[in-house]
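Accompanying notes for the structure given below.
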Amino acid sequence: MPQTGSSPSPPTTVRGQAKAQRREDLLATSATLFAERGFTGVSIDDIGAAVGVSGPAVYRHFPSKQAVLGAILLEVSADLLDRGREVVARTPEPARRLRALISVQVDFALHRPAVIVVQDRELPNLTEEDRRTVRALQRDYVTLWVDALRELAPARDVMEVTLRAQAVFGLVNSTPHSLRSARRLRAPQEPGRLDAARAALEEMAWAALRTAFAPTPTSTGGTP
């Protein structure tokens with residue numbers, strides 16, 4: 001299995017912390033620009049200008065624009081998998097585990113809308129190696145959901161529960177698909193607005209998944 005790409009220990013020097021923060025700013029800004037204009041519509045100079053540095057200064061952190069894209073998608077895929085594994089490790093009961101996995105996905109959708117757009121649209125622009133690694137990380141993440149669902153619904157086959165999990169990803173991730181939604185989610189929120197969105201998305205996702213394992217009502221003789 002590929003390495004998850006977990007972030008190294010935070011730098012301890014002021015210079016190291018500043019460099020790490022600049023790298024984080026470059027990735028966040030690049031994700032927004034790629035979501036708004038597309039990968040091919042953004043230059044290294046555009047990325048630099050958006051964070052207040054020259055284009056060549058970006059090369060101190062990344063060797064190419066394609067490397068920036070790779071870092072965005074590799075790191076978010078690794079982060080989701082790591083968070084999912086933490087859920088599995090601390091939540092042995094499958095229904096609670098599935099609820100917690102839903103919360104992880106909803107949190108991602110609400111706080112990383114630009115990355116979702118980039119992830120869905122720009123995979124072909126990754127290097128072949130990065131694309132394979134991202135796909136492997138994503139498959140391992142889906143497997144965490146499939147395992148929880150199969151514990152709750154052992155009679156369902158892997159293909160069906162995988163389809164159900166993928167459908168829920170589509171439901172949750174559809175929230176930021178328009179750029180207007182992405183901008184709105186980056187803006188300051190009204191009190192409770194994100195909490196309300198989170199609660200609604202989590203309940204919809206749970207309702208969609210629980211049909212796989214909820215008992216079927218027994219007919220009392222009338223028309224079903």
Side-chain angles (χ1 to χ4, degrees), residues 1-13 15-40 42-44 46-48 50-53 55 57-89 100-145 166 169 172-173 175-177 179 182 185-186:
M1 182 192 147
Q3 297 295 315
T4 61
S6 299
S7 297
S9 299
T12 56
T13 66
R15 182 177 179 181
Q17 290 171 352
K19 184 176 180 180
Q21 184 60 56
R22 176 55 54 82
R23 183 180 188 279
E24 184 178 327
D25 292 344
L26 285 168
L27 290 177
T29 298
S30 297
T32 299
L33 292 175
F34 292 157
E36 292 176 347
R37 307 182 197 174
F39 176 75
T40 59
V42 177
S43 69
I44 285 289
D46 293 331
I47 295 170
V51 296
V53 301
V58 177
Y59 291 116
R60 298 174 189 167
H61 300 269
F62 302 99
S64 66
K65 185 176 69 164
Q66 193 175 37
V68 176
L69 178 63
I72 292 167
L73 297 185
L74 286 167
E75 290 184 15
V76 74
S77 300
D79 181 59
L80 274 175
L81 179 57
D82 287 345
R83 292 175 67 190
R85 284 175 170 164
E86 289 172 7
V87 164
V88 171
L101 287 170
I102 289 170
S103 293
V104 167
Q105 189 66 31
V106 169
D107 185 69
F108 167 55
L110 291 178
H111 291 96
R112 308 294 295 276
V115 174
I116 289 178
V117 174
V118 174
Q119 180 176 264
D120 287 350
R121 196 171 58 195
E122 305 295 352
L123 276 178
N125 287 309
L126 291 174
T127 65
E128 182 62 31
E129 180 181 0
D130 282 352
R131 186 161 54 249
R132 283 197 304 268
T133 303
V134 167
R135 289 298 194 194
L137 292 167
Q138 291 174 340
R139 285 194 299 270
D140 287 345
Y141 178 65
V142 173
T143 297
L144 302 178
W145 288 64
Q166 295 282 11
F169 297 154
V172 173
N173 291 353
T175 306
H177 256 287
L179 294 179
L185 286 169
R186 290 203 308 273

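Within the 3.5 Å criterion, the main-chain N or O of Phe34 finds a donor-acceptor partner in the side chain of Arg121. Under the 3.5 Å distance criterion, the side-chain polar atoms of Arg37 are left unmatched by any main-chain donor or acceptor of Val42. At distances below 3.5 Å, at least one donor-acceptor pair connects side-chain atoms of Gln66 with backbone N or O atoms of Asn125.
Between Ile44 and Tyr59, the shortest heavy-atom distance links the atoms CG1-OH, 3.6 Å. Across Ala35 and Ala114, no two heavy atoms sit closer than the pair CB-O, 3.7 Å. Here the closest heavy-atom approach between residue Asp130 and residue Gly70 is recorded as OD2-CA, 3.7 Å.
Between the CG atom in Leu80 and the CZ atom in Arg85 there is a gap of 12.0 Å [rounded to 0.5 Å]. One distance of note links CZ of Arg83 with CD of Gln105; it measures 9.5 Å at 0.5 Å rounding. The structure places CZ of Arg139 at 9.0 Å from CG of Leu137, a figure rounded to the nearest 0.5 Å. To the nearest 0.5 Å, atoms CG (Leu69) and CG (Leu126) are separated by 4.5 Å.
Leu123 is listed as a side-chain neighbour of Arg135, based on a closest heavy-atom distance under 4.5 Å. Taking 4.5 Å as the limit, some side-chain heavy atom of Leu27 sits within range of a side-chain heavy atom of Phe62. Within the 4.5 Å cutoff, the side chain of Glu122 has no heavy atoms near those of the Ile72 side chain. Counting heavy atoms from C-beta outward, Gln119 and Arg112 have side chains that stay 4.5 Å or more apart. The closest side-chain heavy-atom distance from Asp46 to Ser43 is below 4.5 Å. No side-chain heavy atom of Val76 sits less than 4.5 Å from a side-chain heavy atom of Ile116. With contacts defined as side-chain heavy-atom distances shorter than 4.5 Å, the pair Val68/Phe39 does not qualify.
Applying the side-chain contact (heavy atoms from CB on, under 4.5 Å) test between Val106 and each of Asn173, Val172, Leu101 identifies Val172 as the sole match. Partner of Val118 under the side-chain contact (heavy atoms from CB on, under 4.5 Å) criterion, chosen from Leu33, Thr32, Leu73: Leu73.
Under the 6.0 Å cut-off for aromatic ring centres, Phe108 and Tyr141 do not qualify, their centroids lying 6.0 Å or more apart.
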**OP:** Tell me, with the steps shown, if Val53 and Arg60 meet side chain to side chain contact (heavy atoms under 4.5 Å, CB included).
**Re:** CA-CA 11 Å; Val53 301; Arg60 298 174 189 167; over 6 Å; no
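In this structure, a donor-acceptor pair under 3.5 Å is absent between the side chains of Asp140 and Thr143.
Salt bridge present: Arg131 and Glu128 bring a charged side-chain N and a carboxylate O closer than 4.0 Å.
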